[in-house]
Engineer: 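Here it is: the structure, laid out below.
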Amino acid sequence: MPPRRPSVGGRLTAIASTDQPPWSDIAAWYDDLLVAGSGPHATALECLGRLVPDVRELDVVDVACGQGLAARLLADRGARVVAVDSSAAMIAHARQHGSPGETPIEYVVDDAEALTQLDDARFDGATCQLGLMDIANLDGARRAIARVLRPAGWLAFVIAHPCFLAPDAQFADGPDGRPAVTVTDYFHERFWRSTKPQGVRRAGNHHRMLSTYLNALTTAGFATQLPLYAAVPIFFAARAAARHVVGT
Ligand SMILES: C[S@@+](CC[C@H](N)C(=O)[O-])C[C@H]1O[C@@H](n2cnc3c(N)ncnc32)[C@H](O)[C@@H]1O
């Protein structure tokens, strides 16, 4: 029997009301959180950093940029970055952090669902870190992103995993003492907010199935080659890192 770990009990409670803070109201809190150092955000940034190709001299748009965490990574790697967020307060915080690269990051207040301020085919690539689940109209966003990308442009995104960070998910010890999560009503796509006073998701989240995200991308023309392959996916691809377990 493995040793019991400390309980990880907890709950992501969904509430239906809209009287919780939108992103602009918690922009200062969010900026403080990231400046202090947030483990989940560091992990997301590392994932995004691995997903993007060499961005030197590329034009990249960072969608739903928040206080600019991912935008600064891209600029630091030599990209010319335009970073977009619908919250003017978030953009104000982002500007305060400056730009690490040669070309200053251009910050724009715009809605990802249309990206009205960005020209067609302006970018080699797009990134969206922890943003797609906050955008209400996923269809609009995927069309807007596809429009501003050049042919062969790419999109790299990181989302909160919808199979686990779902409304009403309950964290608890599994039968063998390992951390586990119980998810109910996964197939019910809906808007929800966390009731945790310090929860990032108190600003609201759109719970969508993983398949909804992947289907949205393929119908936007991402990753399709032949008409048949647009209708019937023939490959499943993943990138895995070797895990070296010490002491076994
Ligand atoms: C969890 S934060 C992520 C911010 C940043 N990408 C990061 O990794 O820290 C989600 C961001 O999405 C933005 N957002 C939500 N809906 C949006 C929309 N329709 N258009 C643009 N930004 C949006 C919010 O203002 C917020 O800054």
Side-chain angles (χ1 to χ4, degrees), residues 12 18 20-52 60-77 79 81-97 99-100 105-118 123 125-148 155-162 165 191-194 196 198-208 213 216 220:
L12 301 176
T18 52
Q20 295 281 311
W23 280 107
S24 281
D25 291 359
I26 66 165
W29 171 86
Y30 190 76
D31 187 43
D32 286 347
L33 177 78
L34 269 57
V35 169
S38 156
H41 288 85
T43 302
L45 192 66
E46 195 192 327
C47 290
L48 191 80
R50 287 192 206 175
L51 282 174
V52 294
V60 181
V61 58
D62 185 41
V63 177
C65 65
Q67 54 85 275
L69 185 65
R72 290 190 292 280
L73 174 86
L74 297 162
D76 196 35
R77 290 189 180 181
V81 183
V82 176
V84 177
D85 200 284
S86 55
S87 161
M90 281 287 190
I91 292 289
H93 283 288
R95 288 198 174 110
Q96 281 178 4
H97 291 293
S99 293
I105 299 168
E106 182 186 336
Y107 283 107
V108 177
V109 178
D110 201 358
D111 191 334
E113 296 176 10
L115 297 176
T116 52
Q117 298 190 53
L118 304 183
F123 299 99
T127 53
C128 188
Q129 174 174 285
L130 303 178
L132 288 183
M133 67 276 183
D134 296 295
I135 295 169
N137 181 355
L138 183 64
D139 245 26
R142 67 157 167 99
R143 259 188 248 112
I145 293 170
R147 176 182 62 74
V148 301
L155 164 66
F157 69 91
V158 178
I159 53 173
H161 203 309
L165 294 182
F191 180 75
W192 69 288
R193 295 178 195 273
S194 166
K196 284 166 79 178
Q198 296 299 307
V200 175
R201 282 169 289 270
R202 72 186 191 274
N205 244 232
H206 295 271
H207 170 68
R208 303 182 179 104
Y213 286 106

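Remember, it's 1-based here, ligands and their atoms both numbered in the order they're listed.
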Engineer: Any chance the rings of Tyr30 and His41 have centres within less than 6.0 Å?
Structural biologist: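 Between His41 and Tyr30, which both carry aromatic rings, the centre distance is below 6.0 Å.
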Engineer: Side chains of Thr116 and Asp110 only: does a donor on one sit below 3.5 Å from an acceptor on the other?
Structural biologist: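 A donor-acceptor contact under 3.5 Å links the two side chains.
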Engineer: Gly68 and Ala94: which non-hydrogen atoms are nearest, and at how many Å?
Structural biologist: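 In terms of heavy atoms, the two residues are closest at N-CB, 3.9 Å.
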Engineer: Could you tell me whether the side chain of Arg95 reaches within less than 4.5 Å of the side chain of Met90, counting heavy atoms only?
Structural biologist: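 In short, these two side chains do not touch, never coming nearer than 4.5 Å.
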Engineer: Is there any protein N/O under 3.5 Å from an N/O of ligand 1, and what does the full list of such pairs look like?
Structural biologist:
from	atom 1	to	atom 2	distance (Å)
ligand 1	6 (N)	Ala64	O	2.8
ligand 1	6 (N)	Gln129	O	2.7
ligand 1	8 (O)	Gln129	O	3.3
ligand 1	8 (O)	Gln129	NE2	2.7
ligand 1	9 (O)	Tyr30	OH	2.7
ligand 1	19 (N)	Asp111	OD1	2.9
ligand 1	20 (N)	Ala112	N	2.8
ligand 1	22 (N)	Ser86	N	3.2
ligand 1	22 (N)	Ser86	OG	3.3
ligand 1	25 (O)	Asp85	OD1	2.6
ligand 1	27 (O)	Asp85	OD1	3.4
ligand 1	27 (O)	Asp85	OD2	2.7

Engineer: Determine which pairs satisfy salt bridge (charged side-chain N to carboxylate O under 4.0 Å, His left out) with at least one residue from residues 127-141, sequence neighbours left out, and list them in order.
Structural biologist: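 Output for this query lists Asp139-Arg142, Asp139-Arg143.
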Engineer: Out of Val148, Ile145, Leu155, Leu118, which residue meets the side-chain contact (heavy atoms from CB on, under 4.5 Å) rule with Val63?
Structural biologist: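 Going through Val148, Ile145, Leu155, Leu118 one by one, the side-chain contact (heavy atoms from CB on, under 4.5 Å) with Val63 is satisfied by Ile145 alone.
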